[in-house]
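Notes for the one structure printed next.
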Amino acid sequence: LVTVRGARVLGIYLDGVDENLLWVNPQVLGDAEMAQRTVGAGEWNVGGDRVWYAPEIELHFQNPQQPAHDNYAVPPDLDPGRYEVRDESPAGLALKCKGAARNLVSGGELRFKAKRTIRLCEAPVAANGLSYVGYELSSELRIKADKSEPGCYGLWQLMQLPAGGNVYIPTRGQPELVDYFQTGITSHARVGDGHVVFPITGTHQHKLGLRADHVRGLMGYYRVAGDAATLIVRQAAVFAGAVYADYPAHDRARRDIALQ
């Protein structure tokens, strides 16, 4: 299930599994009138699999020198954006938008065009009787050149999932854990030689970052709900030495964090 509003994947469903594999805001899942009121009130956090703009500190925190969740805002041109369907077929669709947002650190303006393409894809390995659904995401950001605003910007894919499972991240050796909000990630995550396990409890807010040269471009979320066990696998190309725009408040020179 894909929405034009926000270009989000809002539902993933498997044969034999009753619930949506993605987390969706319960107020949006209510009756049509409640959903309309929620969206009309400017609620951005509807859930699903979405695209987000980086650096988060420069575009979302109203006080970027002391970022906190109570001074967080989402410019409407970034999300939900003004997306339009530009290409559609039984196998997928492409959505495009353009807009502008103020950089809260420099005071300049980010002017951009964005495109998100979503396509169904076959199972990479034999399903062996298991239920499977897969899709490929491609996101593109074009920035209008402005010598007065030479900032570093990027996109990342952010998937919201129901709590109660574990994220498994294969790594190269024992990785550095970057604790974006200094919330005690090292005591929450389990780190070994070649992997990180991160429990998703739904009771605390954390933001974990891993360096591009420490990850393998894979992560999985395993969760058991009732009689069903589900595994969501995310795969992306990661390049050590490339520039990644998002950074933590306590280390603003960093541009090497590829996975969060």
Side-chain angles (χ1 to χ4, degrees), residues 1-13 19-64 66-83 95 97 99-104 110 112 114 116 118 135 137 139 141 153-165 167 179-181 183 185 188 198-209 219 221 223 225 230 232 234 245-249 259-260:
L1 174 63
V2 178
T3 64
V4 176
R5 185 183 190 276
R8 296 183 184 225
V9 178
L10 207 58
I12 303 175
Y13 300 93
E19 67 173 16
N20 187 354
L21 299 190
L22 299 174
W23 179 87
V24 177
N25 189 324
Q27 292 181 313
V28 175
L29 291 177
D31 57 51
E33 184 178 346
M34 178 185 291
Q36 186 63 40
R37 286 201 308 268
T38 301
V39 172
E43 175 59 57
W44 62 268
N45 190 19
V46 300
D49 188 349
R50 67 183 195 255
V51 66
W52 220 237
Y53 291 74
E56 193 172 34
I57 285 177
E58 297 180 15
L59 297 171
H60 295 288
F61 288 101
Q62 302 305 294
N63 182 359
Q66 294 182 314
H69 293 293
D70 60 1
N71 62 46
Y72 194 91
V74 180
D77 273 14
L78 301 186
D79 189 84
R82 298 191 295 267
Y83 283 94
L95 304 104
C97 75
R102 187 167 70 91
N103 186 307
L104 299 166
L110 163 66
F112 66 90
R116 199 175 201 211
I118 304 164
Y135 60 93
L137 292 172
S139 295
L141 177 65
Y153 299 100
L155 299 175
W156 79 87
Q157 316 295 333
L158 195 157
M159 180 181 281
Q160 292 181 259
L161 299 165
V167 176
D179 190 345
Y180 268 71
F181 298 132
T183 52
I185 275 177
H188 184 76
F198 197 86
I200 304 299
T201 64
T203 59
H204 297 83
Q205 290 183 321
H206 299 287
K207 185 175 178 180
L208 163 68
M219 61 193 307
Y221 183 62
R223 179 174 178 264
T230 57
I232 297 175
R234 193 77 135 179
D246 206 46
Y247 58 82
L259 188 149
Q260 299 174 352

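Across every non-hydrogen atom of Asn71 and Gln66, the tightest pair is ND2-O, 3.3 Å. Of all heavy-atom pairs between Ala54 and Trp156, the closest is CB-CZ3, 3.2 Å. Across Gly154 and Ala245, no two heavy atoms sit closer than the pair N-CB, 3.6 Å. Considering all non-hydrogen atoms of both residues, Tyr221 and Gly165 come closest at OH-N, 2.9 Å.
Counting only heavy atoms from C-beta outward, the side chains of Leu104 and Leu59 never approach each other to under 4.5 Å. Leu21 places a side-chain heavy atom less than 4.5 Å from the side chain of Ile232. Residues Asp246 and Gln260 have side chains in contact (heavy-atom distance under 4.5 Å, counting atoms from C-beta outward). At least one side-chain heavy atom of Leu95 sits less than 4.5 Å from a side-chain heavy atom of Val4. In this structure the side chain of Val9 reaches within 4.5 angstrom of the side chain of Leu22, judged on heavy atoms.
Rounding to the nearest 0.5 Å places CD1 of Ile12 at 10.0 Å from OG1 of Thr230. The line from CG of Asp70 to CZ of Phe61 is 9.5 Å long, rounded to the nearest 0.5 Å. Interatomic distance, CG of Leu208 versus CD1 of Ile185, reported as 4.5 Å (0.5 Å rounding). From Tyr180, atom OH reaches atom CD of Glu56 across 8.5 Å, with rounding to the nearest 0.5 Å. Atom SG of Cys97 is separated from atom CG of Leu78 by 8.5 Å, given to the nearest 0.5 angstrom. In this structure, Leu155 CG and Leu137 CG are separated by 11.5 Å, a value rounded to the nearest 0.5 Å.
Formation of a donor-acceptor pair under 3.5 Å by the Asp179 side chain with backbone atoms of Thr183 is found in this model. Looking only at distances, a side-chain donor or acceptor of Asn25 sits under 3.5 Å from a matching main-chain atom of Asn45. Listed for the Arg50 side chain is no donor-acceptor partner under 3.5 Å among the backbone atoms of Leu158. Here the side chain of Asn20 pairs a donor or acceptor atom with the backbone of Leu10 at under 3.5 angstrom.
With sequence neighbours excluded, the residues forming a ring-ring contact (aromatic ring centres under 6.0 Å, His included) with Phe112 are Tyr53, listed by chain and number.
Note on Glu19 versus Arg223: salt bridge recorded, some NZ/NE/NH1/NH2 to OD/OE distance being below 4.0 Å. Look at Arg8 and Asp79 and you find a salt bridge, because one of the NZ, NE, NH1 or NH2 atoms lies within 4.0 Å of a carboxylate O, short of that distance.
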Exercise for review: Using the side-chain hydrogen bond (donor to acceptor under 3.5 Å, both in side chains) rule, take Gln160 and Asp49 through it: C-alpha gap first, then chi angles, then the decisive distance, then the call.
Suggested key: CA-CA 6 Å; Gln160 292 181 259; Asp49 188 349; over 6 Å; no
Practice item. Mind running ring pair (Phe, Tyr, Trp, His ring centres under 6.0 Å) on His69 and Phe181 for me, showing each step along the way? Key: CA-CA 10 Å; His69 293 293; Phe181 298 132; 5.3 Å; yes
Point to revise | Derivation of the side-chain contact (heavy atoms from CB on, under 4.5 Å) call for Tyr153 and Leu110 | key: CA-CA 9 Å; Tyr153 299 100; Leu110 163 66; 3.7 Å; yes
Exercise for review: Go through the steps to decide whether Arg5 and Arg82 satisfy the test side-chain contact (heavy atoms from CB on, under 4.5 Å), and finish with yes or no.
Suggested key: CA-CA 7 Å; Arg5 185 183 190 276; Arg82 298 191 295 267; over 6 Å; no
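Ring planes of Trp52 and His60: parallel class, angle under 30° (limits at 30 and 60°).
The distance between the ring centers of His188 and Phe198 falls below 6.0 angstrom.
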